[in-house]
Amino acid sequence: MSDSDKILRDLENKKYEAGFHADLDEEILPPGLNEDIISKISAMRGEPDWMLEFRLKAYNYWKEQQMPRWAHLDFEDIDFQSISYFAAPKGTKKSYESWDEVPDEIKEIYNKLGIPLEEQKVLAGVAVDAVLDSVSVYTSFRKELEEMGIIFMPISEAIQEHPDLVRKYLGSVVPYSDNFFASLNSAVFSDGTFVYIPKGVRCPVELSSYFRINTAEAGQFERTLIVADEGSYVSYLEGCTAPMYDENQLHAAVVEIIAMKDAEVKYSTVQNWYPGDQEGKGGVYNMVTKRGICKGDNSKILWTQVETGSAITWKYPSTILLGDNSVSEFYSVAVTNHYQQADTGTKMIHIGKNTRSRIVSKGISLGKSSNAYRGLVEIKKGAENARNYTQCDSLLIGDKCGAHTFPYIEVANPTATVEHEATTSKISDEQIFYLQQRGLDEEKAVALIVNGFTREVMSRLPMEFAAEAKKLLEITLEGSVG
Amino acid sequence: MPTLTKNKYLTKQELIEILQNNGEPLASKNIQELAEQAISQHDIPHSKMEEWRKTSLKKLLEHTFRYGKKIDLERHVIERFNISGMYSNLLVFVNGYFVPSLSRLLDSSDIVVFSNMAEARSMFPQVFDKYYNRTEAHKVNLFAALNTRYAADGAFVLIKDNVKVKNPVHIYFFSDGEDQKIISQTRNLIIAGAGSKASVLLSYHPLSTDYMYNNSVTEIFVEHDAYMDFNIFQGEGYDSFHTNLVNVEVERGGQFYSHTISLCGEIMRNDLRVRFNGPEAYAELNGLAMPDHDQVHDNTLFVHHKSGGSISRQFYRNIVDNNARAVFYGKVLIDKGAKKSEAYQLNNNILLTTTAKVHSKPHLIIYNDDVAASHGSTTGQIDREALFYMQARGISEKKARTLLLQAFANEVLNKIQIDTYKFYVKTLIRKRLQGEKVEMLCAKLGQCRFEPDYE
């Protein structure tokens, strides 16, 4: 067996480290979706009437829609009636006030995953909201943040405690009729995170949500809403994992970000849902709608994502650049292996004057996977002097995978400058040879080149996250030779 | 001829009714059947189709057409469209009908067979059967399927093996509706035999005003080690429509060069599809489109690297004025087995007004790791610094703009291989950019006169 064969075999045997399942006593609603289920979810969360109305409106719209099939993804139809839309550990009606109250078996899950919830052990500077299946179980640092006027809590509680804020912004960036999965989410979302940063406040810690699917038959539908008021700043991180099951699970989340005048929001994701086994069995279907709006002048939204998990990824974090001089950047590394399929990218919609956006996307395909970049850059008529630069590079490792690039560039203003460039290639023999000459073995050479290939994106991640992302990437790429 | 009383837009059935009365179809019964099946499956292209997202056919479908008359033109009528200094083998079609009296063959008929399709079918039945619709044009879209089913004539060019054709082959397509809305449907077949070399130019011109519609399909076979230089010139009427499909198959070692110049026309839709059947094949697809007024010029390309070791290059530029819209959709597919393939796409656009639009989609679909592929797309305006530089040296702003636009266009035009034709196109574009009346182009129309309304 040649070196590269051995390495490829090793690669295939790589384990999904977060793939354990915890035996929790969970309360699960029966599978299926209808108005009763939605009313039940709403009632269980003790929601006000307007919330139920919002859900039912979304559900009635969703009923009429067909699942979109335009993405470069090949998967069987999802039976939406066989999914359970609510699962929660028994007895958790509300998020726990302190870590001591959290039941041991839930603590165990997070300890196993290495998520620091316990405040004394917390890396200084990260506040975590932990969402297990359909509910938020614990939010750290809440009190401290409250003193600064920062609201950081499960969205289910925010609906109760800050109904005005939630009502004003929920669905304002991603309306319930936006797309098939956003409608579904609007109808059934059960929890997620709500963040509000008041005027002029610079959030001193990184806020973070950790999403975990535990139950086999349940989907996860969380909703994140981030509002950064004038002149504020926040950095938000998101991580996700799921146990290994043979069935596919559905994750359909919606993230909405609103950045007012002079505000800056940094949103980072390390996505590590269970990708399925080597035969492509099981894995999470990750169908996510993420969108931010630079509402005020000089506002800024930065997206950084590292995508290594999920059997299917369908995700396009987008920014609407409405305010003049607003800026948005999108940095992405997407790695696919085995039978994973990803169709991911971004949308930058320039409306305001002097708006600027930058897209850097790096795709790496291995095994029999398929990895597509799909990005829209749209310059509207009024976007004087808008500027976009897009770079999307793909790296292919092995001859059974696919790498695709689907950019859409639509320009309706002559003063705009839009540039797009992309390359697709494997790691060249010359590169490897050069490094081998200098004493590195083949495996290390590949790692070094991939490291360089993704560096531009990795360097954008917050420090606490960068280490995890690097580790994930290393596991996925271990010894892959072009 | 159906009248549009009930519906505002032509339906598929009405399109079929319009197109079916075209004399004896070229296609064999077998192919006719296949095409009919395809017709029943295809919809009229609409914005939900990925390949037609930004090109609406509503303007085309609000008219009803009929076939034009067979007209024997006098030689002096077409002489206005001559490219000076270009001695070429000529084939002339008017309203889709072949006009033998205006056609001429300079090169020996031993090396090149040159005729209309209807005649070629009876003269070379074996060649005809071997190649006709081998590229399965009917599968591409409704218009190509209708063409496959009903087309009755077109140009036939067969270059024999190892022959280098000295003079270019120039095929004229004139439309003269005598102030009626007419449709012309042509089906062309070009075969470059193994080791041969030739240049072919297809040019489309209007002879009357009012809405004229061309629905054409051209199949090109570049046999192994052959060299084909293929040109399309669309100097069509201000309100003309053109749905144009060119299907190309390139065999081992074959080289295919294409230059598509779209200067005028309400909706110009060019589908150019190239497939590499053998290794070491090469294709270079260049194009320049200059839509003005409310025109839409759409270049949709598809290059299929079915076999490894082949290289494709796409280079398209658009200069968009007024409310016009330019669409570039370049797709490259590299198959699993197509090792050592190279694919490059480049699309540059200049918008001249605040209402002009451009849509650029350079797509790469790659299933093999041993490839080198890249694409680039830029959209902007004339470089302000270059403009300033020239103004600082005493060149007026207007003149400087014209020069810069010319330079932008020339990078594509310089790739044209027939020198006389290259000069002809450059002259036309220079005149147009300077706002002069372009005599040779739209003599009767005048509307196509280009007034560059910058800012």
Side-chain angles (χ1 to χ4, degrees), chain A residues 70 72 363-366 368 370-429 480-482, chain B residues 48-50 53-54 318 320-321 323 325-339 341-384 454-455:
Chain A
W70 45 258
H72 196 91
I364 303 169
S365 330
L366 301 102
K368 299 187 174 78
S370 151
N371 196 335
Y373 165 83
R374 187 184 299 274
L376 167 74
V377 175
E378 188 173 0
I379 313 284
K380 297 274 193 193
K381 210 173 145 182
E384 294 283 319
N385 297 318
R387 184 84 177 80
N388 163 267
Y389 172 75
T390 304
Q391 186 190 344
C392 54
D393 298 328
S394 310
L395 198 61
L396 291 143
I397 298 173
D399 57 0
K400 292 186 185 76
C401 48
H404 320 300
T405 343
F406 305 112
Y408 296 74
I409 300 153
E410 298 177 2
V411 185
N413 188 302
T415 61
T417 310
V418 180
E419 286 169 279
H420 175 104
E421 49 180 290
T423 59
T424 304
S425 63
K426 64 171 187 173
I427 299 173
S428 76
D429 296 343
S480 34
V481 171
Chain B
K48 296 265 180 216
M49 295 180 178
E50 180 69 25
R53 270 178 74 229
K54 295 297 173 185
N318 298 307
V320 194
D321 200 358
N323 298 316
R325 183 193 289 255
V327 180
F328 170 79
Y329 183 15
K331 201 157 86 175
V332 173
L333 169 66
I334 300 183
D335 276 359
K336 264 203 176 83
K339 281 192 189 304
S341 291
E342 289 179 41
Y344 306 99
Q345 296 173 310
L346 183 60
N347 172 228
N348 306 119
N349 307 291
I350 285 188
L351 296 179
L352 295 177
T353 67
T354 51
T355 42
K357 284 194 183 76
V358 65
H359 306 279
S360 173
K361 295 194 287 181
H363 289 187
L364 293 170
I365 306 167
I366 296 167
Y367 291 101
N368 194 302
D369 69 332
D370 197 1
V371 301
S374 74
H375 61 193
S377 168
T378 63
T379 303
Q381 55 186 342
I382 297 168
D383 184 355
R384 283 182 182 280
Y454 310 112
E455 337 237 90

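So that the names make sense, note that chain A is the first sequence line, chain B the second, and so on, each numbered from 1.
A distance of 4.5 Å separates CG of A:Asn413 from CD of A:Glu384, quoted to the nearest 0.5 Å. To the nearest 0.5 Å, atoms CD1 (A:Ile379) and OG1 (B:Thr379) are separated by 8.5 Å. Taking CG of B:Asp321 as the reference point, atom CD1 of B:Ile350 lies at 11.5 Å (rounded to 0.5 Å). Between the CG atom in B:Asn368 and the CD1 atom in B:Ile366 there is a gap of 9.0 Å [rounded to 0.5 Å].
In this structure, the side chains of B:Tyr329 and B:Arg53 stay at 4.5 Å or more apart for every pair of heavy atoms. Between A:Glu419 and A:Arg387 there is a side-chain heavy-atom pair separated by less than 4.5 Å.
Taking B:Pro362, B:Ala372, B:Ala356 one by one and counting their heavy-atom pairs under 4.5 Å with chain A, the maximum is reached by B:Pro362. Among the candidates A:Ser394, A:Ser425, A:Ala412, the residue making the largest number of heavy-atom pairs closer than 4.5 Å to chain B is A:Ala412. When B:Gly380, B:Ala373, B:Ser374 are compared by the number of non-hydrogen pairs under 4.5 Å with chain A, B:Ala373 comes out ahead. Of the listed residues (A:Ala403, A:Cys401, A:Pro407, A:Ser365), the one with the most heavy-atom contacts under 4.5 Å to chain B is A:Pro407. Of all the listed residues (B:Asn349, B:Ile365, B:Val371), the one sharing the greatest number of non-hydrogen pairs under 4.5 Å with chain A is B:Ile365. When A:Gly402, A:Ser370, A:Gly382, A:Ser428 are compared by the number of non-hydrogen pairs under 4.5 Å with chain B, A:Gly402 comes out ahead.
Contact of B:Lys54 with chain A is made through the side chain alone, with heavy-atom distances under 4.5 Å. With a 4.5 angstrom heavy-atom cutoff, B:Glu50 touches chain A only via side-chain atoms. Of the two parts of B:Arg325, neither the backbone nor the side chain holds a non-hydrogen atom closer than 4.5 Å to a non-hydrogen atom of chain A. With a 4.5 angstrom heavy-atom cutoff, A:Ala416 touches chain B only via backbone atoms.
For B:Asn347 (side chain) and B:Ser377 (main-chain N/O), no donor-acceptor pair under 3.5 Å exists by modelled atom type.
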